[in-house]
Amino acid sequence: MSESTKLVATDPQRLLVIDGHSMAFRAFYALPAENFATDTGQHTNAVHGFVSMLLTMIRQQKPTHVAVAFDLDTPTFRSLEYTEYKAGRNKTPEEFYGQIDLIQKVMEAMNIPTITMDGFEADDIIATLAAKGEAAGLDVLVVSGDRDAFQLITDKTLVLYPKKGISDIPPMDGDAVEAKYFVRPEQYSDLAALVGETADNLPGVPGVGPKTAAKWINLYGGLPGILENIDAIKGKVGDSLRENVDNVTRNRRLNHLLRDLELPVGIEAMELERPNREAIEELFDALQFNTLRKRLFDLFGDEPQDAAAEAVIPVHEVLGDAAALQGWFGAHGAQLLGLHAATVPASGGTDVVGVAFASNDATAFVSLQDIDADTKQALAKVLSSTSYAKAVHDFKGTYKLLLEHGLELAGVVDDTMITAYLIQPDRRSHELPDIAQQHLRIALEEAKAPADGQLAFDLEGPDHATPAVRAAHVVRQLSQLLAGMLVERGGETLLKELEMPLSLVLARMEMAGIAIDTAKLDELYDGFTASINQATDRAYEAIGHEVNLSSPKQLQVVLFEELDLPRTKKIKTGFTTDAESLQDLLENTGHPFLKALMAHRDANKLRQTVEGLRKAVAPEGRIHTTYAQTVAATGRLSSLNPNLQNIPVRSEAGRRIREVFVVGEGYETLLTADYSQIEMRVMAHLSQDEGLIQAYKDGEDLHRFVGSHVFNVEPEDVTNEMRSKVKAMSYGLAYGLSSFGLSKQLRISVDEARTLMKDYFSRFGAVRDYLRKLVDDARKDGYTETIFGRRRYLPELASDNRQLRDIAERAALNAPIQGSAADIIKRAMLGVEEGLAAAGLKSRMLLQVHDELVLEVAAGELEAVEALVREKMGAAADLLVPLDVHVGIGASWQDAGH
DNA sequence: CATGTCACGTA
DNA sequence: CGTACGTGACATGC
C-alpha cells in the first residue's frame with residue numbers, strides 16, 4: 001500500500017500491463033456466469049469482471065500507459081520443450097467461449113493495445129514490457145494471477161496479484177514477496193523450480209515446500225549454489241532433491257520469463273487515450289453493460305460527444321412576455337416543434353415550472369414561475385392550437401401535468417415514447433434519456449437536484465431552461481428519425497389512429513379515478529388483520545415457537561429441517577414454499593402448521609392489497625391509477641400506483657375488496673362490460689378453424705362444444721370434468737403449453753395429456769396448423785404481427801440456446817393472440833369515448849382490465865350507455881366470429897361484475 | 001440504500 | 001416444461 005502511494009507521488013509516468021487470460025479467468029470464476037448474460041445467451045461475466053477490474057485499476061493507479069497481453073492457442077517454446085506443460089488443466093467451461101474475443105473488442109474500443117506473440121506466452125510479453133518500460137524510465141505495474149510474475153519485481157516494478165476474485169488485488173513489492181516466501185523476487189524463480197507448479201503441470205521436488213526451498217536458497221545464495229552443493233544436503237529431502245534434479249533444472253528453464261522479445265507495439269502506442277465513444281456505445285449496447293458504460297464515461301469524462309451535440313442545439317431564447325412568445329411562434333411555428341415540460345419534484349408528485357420548444361434552428365423557453373396573465377394566455381393559445389405541430393415524449397404525462405396549470409395541450413402529432421415502443425416493444429425502458437442514448441448517442445441526464453449547500457449560494461435558482469430545451473431538441477430529432485423507422489415497420493397507423501388518441505382517453509380515465517368507500521376499506525383491513533393474527537397464533541402453536549411467516553427462507557428451515565417434511569420443487573435458494581407445494585404437503589402430511597401458514601398467506605396478501613389501496617386514496621376519496629402504455633411487449637396496457645388490474649376476484653374474501661370500488665357522487669351506477677373469451681375468439685379468427693367459427697356463430701358454450709368433439713360425446717353429455725379439461729387446454733394452447741405442463745395442471749399423466757392434445761388437434765386441425773405456421777413465419781420474418789399490424793420482434797427465435805429459443809417460441813405463439821385482443825379493446829375504448837362525446841353523455845370510462853371496461857354512468861344515461869358500449873365493443877373488430885360482450889350494473893365494482 | 005428473489009394477485 | 005404484467009417483504013450486497 002505505502003509502496004504504491006510512493007510510486008504515485010514520485011513519478012507520473014506509469015505503465016500498467018495486464019495478463020489478459022489470467023485476469024479473464026479470475027473474473028470468470030469470481031462472477032456467476034448465470035447472472036451475466038445478454039438476451040441472446042452470450043455470457044459476459046468474464047468481460048464484465050475484466051472491464052470492471054481495469055476501470056478500477058485506471059482510477060486507482062492512474063497509469064499513463066496501458067497494455068494487455070494475451071496467450072495464443074499456438075504452441076510455445078515451453079510446450080515444445082515439455083509436452084506436458086500446462087497439460088491436465090480442466091477444459092475451458094462452455095460459458096467462457098467467446099469472452100476473450102469480446103474483451104479484446106472492448107480493449108480496441110478503449111484504444112488499449114492487446115499484444116500476442118506467436119510461440120510465446122503472455123508472461124514473456126509482460127516481462128519484456130516491464131523491461132522496456134523500466135528502460136524508458138516508467139514505473140511498471142503488472143496485473144497477473146500467475147506467481148511467475150513475481151520474478152519481475154524491482155524497485156520500479158510492482159505486481160498486482162489478486163488474492164481472491166478481482167476486487168481484492170493488493171500490490172506486491174520485494175518486501176511483500178520476501179515476507180511471504182522468504183526469498184527476494186529475483187530468487188522467486190529458483191524457489192518455484194524447487195517447489196514445482198501444479199497449475200503448469202510442473203512437478204518439483206517431492207517433500208520440498210516453500211519453507212525448505214527458501215532455506216536452501218538463502219543458505220547457498222540461489223539455485224546454482226544449491227546444485228554445486230547438492231551432495232552436502234542431508235536427509236530424505238536431500239535424497240529427493242538429488243533424484244529430481246532434472247525436474248528442477250527443467251522447471252527453472254521453463255519458468256524463466258523472456259525479457260527481450262521483439263514486440264509488435266512500441267511503448268508510445270500504449271499511452272492511455274480517450275475511448276472510442278461510438279465503438280463503446282455499440283459494444284456495450286450489445287453486451288447490455290449499462291453500469292459499466294456509466295463508470296467508463298465517468299472515468300474518462302463525458303464531454304466530447306455531448307459537446308458535439310451541444311453545438312448544434314441553438315441557444316435558447318427566454319420568452320418572457322406575450323409579444324416575444326407570439327413573435328417566436330410567428331417565426332418558427334410552421335415547423336415541427338419539439339416540446340418538453342421542465343419539471344421539479346413537488347409534494348406528492350411533479351410540477352411543471354416551464355415549457356421548452358425546439359424548431360430545427362431555434363429553441364425557446366417559457367417559464368411558468370411568476371408568469372403574468374397575458375403571457376400565460378399566449379402560452380395557452382399556442383399549446384392548445386392544432387396549427388402548431390408538436391412532438392412530445394410521453395404525451396399523456398405531459399398533458400396531465402400541464403392541465404394542472406390550466407394549460408391544455410393539443411396539436412401533438414408525435415409521441416416519441418410510443419413511437420419508440422411500437423418500434424421496439426420489448427425494451428425495458430422507453431424513457432427519453434434511454435431512447436436518446438440508443439438512437440442519437442446523446443447522453444441526456446435527468447435534471448438532478450443541486451447538492452446540499454449549493455442552493456444557498458444559488459440566488460438565481462436552478463436553471464430549468466437548459467436541460468428542458470436540450471430535451472425538446474432531442475425529442476424533435478428523435479421524432480424525425482423514428483418516424484421513418486416506424487413507417488418501415490408498418491406501425492404508423494397504430495401510432496396515429498390508435499395509440500395517440502388512446503393516450504388522451506387514458507389521461508381522462510386516470511384523472512377521473514374511481515370512488516372508494518373508505519369506511520368499508522378500513523373495515524376490511526381490520527378484518528384481514530384479525531385473520532392474520534389468528535392464523536399466526538395457530539402457526540406458532542403448531543411448531544412451538546415463533547417464526548417470520550413472510551420469510552420463505554425461515555419457512556424452509558421450519559418445513560424441511562425442523563418438521564422434516566418431504567422436499568418440494570427446487571428453487572435457487574433451496575425448496576419452494578409456494579401455495580401449490582404447500583397444498584400438496586398438506587394433503588400428504590396433514591400437518592396443522594401448513595394449514596395455518598396458508599391461511600396466513602391468504603389473509604396477509606389481501607391485507608397488503610387493501611393497505612396499498614388505502615394509501616392510494618386521493619383527498620377527494622378516489623383512486624387514480626396510472627396506465628403504462630409502453631410497457632407490455634404484446635400491446636396490453638399495464639396499471640400502476642396502484643395496480644387496479646390485479647384486484648382479487650376469484651376468492652370470496654378477495655371479492656369483498658371489489659365492494660369498496662363504488663359509484664361516485666353525481667353518478668347513478670357503475671357499469672362493467674367485458675369481452676367473453678376474446679382470446680379464444682381471436683384464435684378462431686386467426687386460425688380460421690371451421691369448427692370453432694361455427695361454434696361461436698351458433699352461440700354455443702365453446703368449452704362444452706369442444707369437449708363433445710374431443711371426447712366424442714353429445715354436447716349435453718359433456719361432464720364438468722371434461723369441460724374444465726378442455727378449457728384448460730384451449731387456453732393453454734395460446735401460451736405454448738406442453739403436454740407436460742398440461743399433465744401437471746390437470747393432475748393427469750403425461751400420456752393422458754398427450755392423448756387429450758392429440759384428440760383436440762385431430763378435431764381442430766386448423767388451430768394446430770395455424771400455431772405451427774405462426775412460429776415458422778415468426779422465425780422467418782423475425783417478428784410476429786397482430787390483426788392490426790402491431791409487431792413484436794423476437795430475435796431469439798434464432799438463438800442456439802434451446803432454453804432461450806423455446807421461451808421465444810412461446811412468446812411468438814402468444815403475442816398475436818394477446819396482442820390482437822389488446823388492439824381490439826383499445827379500439828373499443830376509442831369508440832366508446834367518441835360515442836359518449838357525440839351523444840353528449842356525461843358518463844365516463846374509469847378502468848380497463850384487459851378484456852373489461854368499467855364505466856361510471858350518469859343519472860338517466862344507463863340505457864344509452866349500455867347500448868353504446870355493447871355496440872362499440874362489438875364493432876371494434878370485424879372477425880370471422882362475433883365479439884360477445886357481457887354487461888353488468890351495480891353500485892360497486894363487485895355488484896356490477898359477474 | 002439499492003438490487004435480486006420469492007410469492008401471488010389479475011387477464 | 002404456459003403468456004403478459006406490478007407489488008411487497010425479505011435477504012443480500014455495496
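Below, read A as the first sequence line, B as the second, and so on, with proteins coming before strands; counting in each chain starts at 1. These figures come from a predicted structure and were not determined experimentally.
- Residue contacts for A:Arg792: at a heavy-atom cut-off of 4.0 Å it reaches the sugar-phosphate backbone alone, with no base atom in range.
- One atom, CZ of A:Phe661, and another, C1' of B:dG9, lie 12 Å apart when rounded to the nearest Å.
- Taking atom P on both nucleotides, C:dC1 is separated from B:dT5 by 16 Å, rounded to a whole Å.
- Regarding contacts with the backbone of C:dA4, every side-chain N or O of A:Gln645 stays at 4.0 angstrom or more from both OP1 and OP2.
- Using a 4.0 Å heavy-atom distance criterion, A:Thr577 is classed as a sugar-phosphate-only contact.
- No engagement by A:Ala815 is indicated, since no non-hydrogen atom pair under 4.0 Å with the nucleic acid exists.
- Residue A:Thr634 has no polar side-chain atom (N or O) positioned under 4.0 Å from OP1 or OP2 of C:dC5.
- If you check every strand for non-hydrogen atoms under 4.0 Å, A:Asn548 touches sugar and phosphate atoms only.
- Geometric assessment of A:Lys569 against the ring of A:Phe575 yields a negative cation-pi assignment under the 6.0 Å and 45° thresholds.
- One interatomic measurement links the two molecules: CD of A:Glu611 to P of C:dG6, which rounds to 21 Å at whole-angstrom precision.
- A:Ser730 OG to A:Leu702 CG: the interatomic distance, rounded to the nearest 0.5 Å, is 6.5 Å.
- For A:Ala579, counting side-chain heavy atoms from C-beta on, the closest listed nucleotide (B:dC8, B:dC6, C:dG6) is B:dC8.
- Residue contacts shown for A:Gln745 include a base, since a base heavy atom lies under 4.0 Å away.
- Across B:dC6, C:dA11, C:dG6, the shortest atom-to-atom separation from the side chain of A:Ser551 is found for C:dA11.
- Protein atom CD1 of A:Ile571 is 14 Å distant from nucleotide atom P of C:dC1, rounded to whole Å.
- Between A:Ile678 atom CD1 and B:dA11 atom C1' the separation is 11 Å, expressed in whole Å.
- Side-chain proximity of A:Arg810 to the nucleotides B:dG9, B:dA7, C:dC1 is greatest for C:dC1.
- Comparing C:dA9, B:dG9, C:dT3 by their closest approach to the side chain of A:Ser550 singles out C:dA9.
- A side-chain N or O of A:Asp578 and one of A:Ser581 form a donor-acceptor pair less than 3.5 Å apart.
- At the heavy-atom level, A:Gln818 lies under 4.0 Å from base atoms of the strands shown.
- Atom-to-atom, CG of A:Asp674 to P of B:dA11 comes out at 9 Å; the value is rounded to the nearest Å.
- When heavy atoms are screened at a 4.0 angstrom cut-off, A:Thr609 is found touching no nucleic acid atom at all.
- Among the heavy atoms of the strands lying under 4.0 Å from A:Ile647 are primed sugar atoms or P, OP1, OP2 only; no base atom is included.
- Rounded to an integer number of Å, the gap from A:Asn604 CG to C:dT7 P is 18 Å.
- The side chain of A:Thr573 lies closest to B:dT5, out of B:dT5, B:dT10, B:dG9.
- The listed nucleotides are C:dC1, B:dA7, B:dA11; the one nearest the side chain of A:Phe740 is C:dC1.
- No donor-acceptor contact under 3.5 angstrom links the side chains of A:Glu752 and A:Ser743, judged on distance only.
- In this structure, A:Arg601 places its CZ atom 11 Å from C1' of C:dA9, rounding to the nearest Å.
- The side chain of A:Arg650 places an N or O atom within less than 4.0 Å of a non-bridging phosphate oxygen (OP1 or OP2) of B:dA11.
- A:Phe764 and A:Tyr760 have tilted rings, their planes meeting at an angle from 30° to 60° on a 0 to 90° scale.
- The phosphate of B:dA7 (OP1 or OP2) has a side-chain N or O of A:Thr576 nearer than 4.0 angstrom.
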Check your understanding: Can A:Met873 and A:Leu883 be said to form a side-chain contact (heavy atoms from CB on, under 4.5 Å), step by step?
Key -> CA-CA 8 Å; A:Met873 286 179 77; A:Leu883 283 173; over 6 Å; no
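- Within 3.5 Å, no donor on the side chain of A:Lys553 pairs with an acceptor on the base of C:dC10, nor the reverse.
- At the phosphate of B:dC8, neither OP1 nor OP2 sits under 4.0 Å from any side-chain N or O atom of A:Lys605.
- No hydrogens or angles considered: nothing links the side chains of A:Asn641 and A:Thr626 as a donor-acceptor pair under 3.5 Å.
- Stacking of A:Arg427 on the aromatic ring of A:Tyr421 is not recorded, the 6.0 Å distance cut-off and the 45° axial limit not both being met.
- Side chains of A:Glu562 and A:His545: a donor-acceptor N/O pair is present below 3.5 angstrom, by distance only.
- Within 4.0 Å of A:Ala821, counting heavy atoms only, lies no atom of the nucleic acid at all.
- As rounded to whole Å, 15 Å separates atom P of B:dG9 from atom CG of A:Leu613.
- Of the residues in residues 635-644 of chain A, those with a non-hydrogen atom less than 4.0 angstrom from any atom of DNA chain C are A:Arg636, A:Ser638, A:Ser639, A:Leu640, A:Asn641, A:Asn643.
- Counting only N and O atoms by type, the side chains of A:Ser639 and A:Thr625 include a donor and acceptor under 3.5 Å apart.
- For A:His850, whose side chain is taken as the heavy atoms from C-beta onward, the closest listed nucleotide among C:dT3, C:dG8, B:dA11 is B:dA11.
- When distances run from any side-chain atom of A:Gln554 to the nucleotides B:dG9, C:dA11, B:dC6, the shortest one goes to C:dA11.
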